[in-house]
Structure formats: C-alpha cells, structure tokens
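Here's the structure we're looking at; comments come further down.
As a basis for the values below, the full set of heavy atoms in this structure was taken, side chains included, without hydrogen atoms, waters or symmetry mates.
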Amino acid sequence: MTIKQARLTALAMTALLTIVSGCSGSNSGGGNTKASNSGTGNKSATTQGASGSTSFNLWLGWTATINNDSLVQKYWREEEPGVDVKLEATQGDAMTALNLKINTGGFEDAAIFSRNETVKSAMRRSKQVLPVEQYFDMPDKYPGLAAIPKPYLELMKDEDGHIWSIPTWFDQNPEAPWPGWASQGWFVRTDVLEKTGMTRADLSTLDGVEAFLKKAAEQKDASGKTLLPMSFLMDTNDSLGWSDENAVLTAFGVSTGGNGIQKQGDEFLFAYDNPNYKAAYQWMNKLYREKLIDPEVVTNKGEQYIEKNKSGRVALNAGSFWNINATAWETLDGPTEPGWFYEVIPFPKVAGVEKLGINQVTNPNPGYDVYISQKTKNLEAILKFLDYSLQPKAEQQQVMSEGPAGKYWDWVDQPLGKWKFTDETYKTARNSGDAAQKSKVTPELYMTSSYSNKWYPWWNTEDGGKAGAAKTIQFTEAIGKMGTIRVAEPYDLIEVKQGGVWEKYSLELENIRKEYRAKLLMAGDDAKFEAEWNGFQEALEKRGHWSEVKAEWLSRYEEEMNAGSQK
C-alpha cells in the first residue's frame with residue numbers, strides 16, 4: 001500500500017466513523033533512516049533521550065494566563081509522572097509568533113499547537129524539529145504513545161514514513177467518537193425578551209429578530225444605559241472555521257466548518273463563493289447602520305465583550321457562547337445577574353434559505369500536535385510526560401485538567417459516573433471566573449490528552465460550583481441538535497500541498513477576510529457596501545490567488561481519490 005493509498009483509506013474510514021486498525025502501524029526501518037527534512041536523525045534523538053532530565057519547557061501556541069506553580073503542575077512534578085512542565089504562552093497572533101520563534105533559533109524543548117497545515121509545514125521546513133515515529137512502537141517503554149490509534153499515525157506520515165509531531169486531543173475510539181461541544185448559536189436574554197412583550201417563537205425568523213432588536217434598543221440596563229440590541233466578538237485571532245459571524249452565516253446557509261468547503265452533489269462550494277456569504281454581511285451591515293449592532297463590535301477586545309455581556313449591556317448575541325463567557329451564568333445560583341437569563345434559540349429562518357450551513361465538523365482525528373525541538377536536552381522528560389498524558393483512559397482529559405481522582409475531585413458513586421470537587425480551596429479558585437485565580441490551580445492542559453465517548457467530565461459533573469453550570473450543558477446539547485454539525489468527510493482532511501499556493505496564501509486569505517469583514521460591516525450605505533464587496537472579490541484574486549487555491553485543492557482531492565481507488 002502506498003502512502004497516498006494508506007492516507008485515503010484512513011480518510012474514507014473516518015468519514016464512516018469506522019476507522020479500524022487495519023493499516024499497519026509499523027515504522028520498520030524508520031528508526032534507522034536519516035530524516036530527510038531534519039538536520040538530525042533518530043539516532044541523535046535517542047542520544048538526547050538518555051539525559052534523564054525531569055523538566056522541560058512547553059510552548060503553548062495560544063495566549064494564556066500562566067502560573068508555573070499551579071497545583072496540578074506541582075502534582076506532575078512531585079508525584080506523577082515526576083516531570084516539571086514549565087509553560088510559556090504565545091503573545092498575539094500565533095502564526096506571527098511561530099515565524100518569529102523559528103527565525104530566531106526556534107523553541108527550547110517542545111511546542112503544542114492546534115492542528116494546522118501551515119504550522120505543520122513551517123515546523124518541517126524549519127528543520128528544527130525531531131522525527132518521532134519510533135516512539136510509537138515502544139509499548140514496553142511508552143505504552144501511552146503506543147496506544148495512539150494507528151490510522152491517525154498513518155495520516156501523519158510523510159513520503160519517507162516520518163512523523164514530525166506527537167498527536168494529542170484525539171478520540172480514543174474513532175469507531176464511536178464523542179460528538180463534541182457545539183457552541184455556535186444565537187442567544188437571547190429572556191428578561192429583555194419579556195420586557196419587549198415578545199416570545200421565543202417570535203424570533204424564529206430573521207424579520208422577527210429584527211423586530212426584537214428594535215424593541216430591545218428602547219430598553220435600559222441596570223445603570224440606566226440604553227441596551228446594545230445585538231453583539232458578537234470579532235476576534236483578531238479567529239478564522240473562517242471559527243468566528244462569531246459564522247453563527248449568522250450558518251443561518252444564511254453558508255458552511256464554514258471543514259475549511260469552509262461543502263460538497264453539493266458532485267460539486268464543491270467554497271464559503272467565499274456562496275452568494276449568501278454576501279447576503280449575510282449585507283444583513284449585518286443593515287443592522288449596523290440602524291444602530292442595532294454594538295457600534296464598537298469591530299474594535300471590542302475579548303475582555304470588553306465579556307464585560308458588556310456580564311454587566312447586562314447586550315440583549316442578543318450571535319456566535320460561540322464561550323466568547324460570551326460561560327462564567328456569566330456558571331457562577332450563579334439563580335436570577336441574580338443578567339447572565340442567568342441567556343437562552344439559546346433556534347437559528348432564525350432566512351427567506352430563500354432551505355438548509356442551514358455547517359459551522360462545525362466532528363472530527364475524531366487529532367486536534368493538536370506537539371513538536372519537539374532538535375536542540376532539546378530534555379527529550380526523555382517530554383516523552384515521559386506525553387506518555388502519561390496519552391494514557392487511553394476514558395477520564396484522562398479530566399486527569400490532565402484537574403489531577404487524578406481522589407486529589408482535588410472524586411467520583412460521587414462509581415468510576416465513569418458523576419463526579420464533584422472535593423477540595424474547597426481548589427474548587428473556589430477553579431470556579432472563580434478569574435483567569436489568574438484559576439491559573440493557580442490548573443493550566444487546563446486537557447488538550448495534551450485524548451477523549452472518549454464513554455465519559456465526558458463536564459456532562460457528568462454533580463458539582464459544577466453553581467446551579468448555572470447546568471446551562472452550559474443545556475446550550476451545547478440544544479445546539480448539537482439543530483443540524484449545523486456533521487461528521488468529517490474525506491474531503492475535510494485533504495492535506496495542503498507543501499510549497500503550494502494554498503499553503504503560500506492561506507495566511508493572506510485570512511488577512512483579507514478579517515480586513516473586509518470590518519469594511520463590509522461598517523459600509524455607510526448600499527453603494528459603499530457594493531464597492532467594498534467588489535474590493536473583497538478583487539483582493540481574494542489578486543492578493544489571495546483564490547482561483548489558484550481552489551484549483552490546487554480540487555487537484556489534491558482528485559489525487560487522493562484516485563490513489564484510493566487504485567488500492
């Protein structure tokens with residue numbers, strides 16, 4: 001079986017949610033082959049691993065509040081697995097930070113990034129990371145690494161059979177995957193809805209939503225300020241696959257999940273080519289001009305957005321409830337603050353749109369990658385920690401986030417049943433809603449582990465701290481049934497061609513999207529909106545080479561399909 005054939009086989013199996021371990025996990029010969037894209041081979045990696053170090057630096061590919069003496073890290077250091085994990089967070093845009101790090105000598109020991117083809121390519125081409133395939137075939141020494149489902153590893157092999165990262169945050173059982181959190185939706189404050197004299201049923205259409213927003217604009221918050229009828233977060237670090245505007249695009253039938261590509265019959269429709277992409281922004285522009293959307297929506301920082309929602313300034317939100325910030329309701333025991341009144345509503349029906357778009361793809365494949373620096377002197381510590389974090393236990397994500405059962409939390413009655421926090425000091429800080437306080441107890445590195453449909457911690461907690469914690473689960477379960485999520489298809493997993501136009505222009509395409517979403521939203525009139533839309537289309541072609549990108553993707557898809565059919 002060729003590499004392409006093995007990859008195609010795994011892709012097809014993923015689509016059917018019946019990935020099996022039929023593809024060989026053997027890397028025979030890989031451990032003795034010099035890495036083609038690295039200045040060091042596996043021999044030098046093994047030598048580094050003999051250092052016996054019990055400490056390493058882990059660079060996080062995202063912003064975070066860091067406290068390297070948190071209780072969970074102290075447990076890792078002093079008890080199990082006996083490794084001191086020193087965290088370093090990214091400042092600002094992750095890709096910019098990565099490019100800067102690579103160009104100034106690389107990271108010290110290990111780096112974890114959410115799975116991204118651009119990151120993967122940059123790491124490989126930097127020749128600063130180690131190949132790691134040999135460590136997946138050492139069950140006696142690294143049983144956790146050896147337990148990673150083989151199809152995931154097959155997908156990661158390059159043309160020479162090398163694997164350049166240790167995958168994390170994958171489904172332990174791809175045959176029966178966990179459906180995932182669903183958070184992209186529309187959320188209304190029911191207390192405001194009641195004051196307007198309207199009901200949830202009135203919000204079932206876009207016209208009904210507009211009517212509500214106009215009435216909400218006449219209401220005041222507790223301090224006497226006029227309410228902001230609608231808001232969402234335009235995060236500078238978001239992407240086409242994950243942004244608050246996607247909740248609006250979803251209602252207009254635009255699919256943004258799975259690289260923004262949706263198969264329709266034998267054809268593929270890319271999000272930017274969907275005519276309703278324009279229609280959705282026309283609607284948002286109309287609302288913005290009518291002062292029905294927060295006038296600061298383009299410039300709001302995450303903290304400002306959270307504070308506006310927590311203080312009760314916003315009547316309706318579109319986007320992810322994580323951006324509203326779940327602490328707005330999870331820290332409450334009843335209707336004492338505005339956050340208590342948030343409720344999810346169905347995506348409003350848009351005239352002419354027969355089917356909602358897809359904004360989330362359930363993908364059991366790894367969501368994160370850990371890259372190991374060639375220059376690390378702490379390889380053994382890195383492998384020891386990841387072998388611990390990747391133990392194939394249903395509760396392992398809980399263990400990596402909160403420590404083992406019996407330490408700061410425990411089972412209420414039986415393993416894989418209900419659980420609750422047992423340490424009041426830990427619980428208070430953990431549920432405080434304050435990032436600095438939470439960082440004192442846990443860095444929440446659940447993404448270094450894996451997950452299982454057998455048990456999910458936050459759907460089984462008996463002690464979320466306050467009664468409002470149950471609302472988060474209710475929200476995600478309700479959104480998950482609205483038809484905006486689907487299982488990954490083979491075309492969702494097509495790899496970007498190394499050195500190709502998709503890789504070359506993906507960052508610029510994102511820059512264009514972010515630049516013009518603001519311009520489209522704030523256009524002063526219909527004529528200016530049309531001019532900005534034309535500018536967007538021109539930028540996609542001239543700066544983003546959009547037609548070339550699509551042509552290359554379609555070619556890659558055909559290559560993968562043909563490789564699979566020749567098996």
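- For Q474, there are no side-chain hydrogen bond (donor to acceptor under 3.5 Å, both in side chains) partners at least two apart in sequence or on another chain.
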Pair up each side-chain donor or acceptor in residues 201-216 with any protein partner under 3.5 Å, not counting sequence neighbours, and list the distances.
residue : atom : partner : partner atom : Å
D202    : OD2  : T199    : N            : 2.8
D202    : OD2  : T199    : OG1          : 3.3
S204    : OG   : A201    : O            : 3.0
T205    : OG1  : G208    : N            : 3.0
E210    : OE1  : K286    : NZ           : 2.5
E210    : OE2  : W283    : NE1          : 2.9

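- Proximity of a side-chain donor or acceptor of N363 to a complementary backbone N or O of A488 within less than 3.5 Å is not detected.
- With sequence neighbours left out, Y516 forms a ring-ring contact (aromatic ring centres under 6.0 Å, His included) with F536.
- Residues passing the ring-ring contact (aromatic ring centres under 6.0 Å, His included) test with Y288: none are found, sequence neighbours excluded.
- Residues satisfying the side chain to side chain contact (heavy atoms under 4.5 Å, CB included) criterion with I485, sequence neighbours excluded, are A182, Q360, T362.
- Remark: F107 pairs with no residue by the ring-ring contact (aromatic ring centres under 6.0 Å, His included) rule, at least two apart or across chains.
- Not counting sequence neighbours, the partners of T90 by the side-chain hydrogen bond (donor to acceptor under 3.5 Å, both in side chains) test are W59.
- Judged as a side-chain hydrogen bond (donor to acceptor under 3.5 Å, both in side chains), and not counting sequence neighbours, the contacts of E510 are R513.
- For S223, the side chain to side chain contact (heavy atoms under 4.5 Å, CB included) partners at least two apart in sequence or on another chain are D221, K225.
- Under the rule for a side-chain hydrogen bond (donor to acceptor under 3.5 Å, both in side chains), R313 has no partner lying at least two apart in sequence or in another chain.
- Under the side chain to side chain contact (heavy atoms under 4.5 Å, CB included) criterion, N274 pairs with V254, L269, N276, sequence neighbours left out.
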Acceptor/donor pairs from residues 527-535 side chains to any protein atom, 3.5 angstrom cut, sequence neighbours excluded:
residue : atom : partner : partner atom : Å
E530    : OE1  : K278    : NZ           : 3.2
E530    : OE2  : K278    : NZ           : 2.8
N534    : ND2  : E530    : O            : 3.2

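- Considering Q304, K301, K308 in turn, K308 is the only one that fulfils the side-chain hydrogen bond (donor to acceptor under 3.5 Å, both in side chains) rule with E296.
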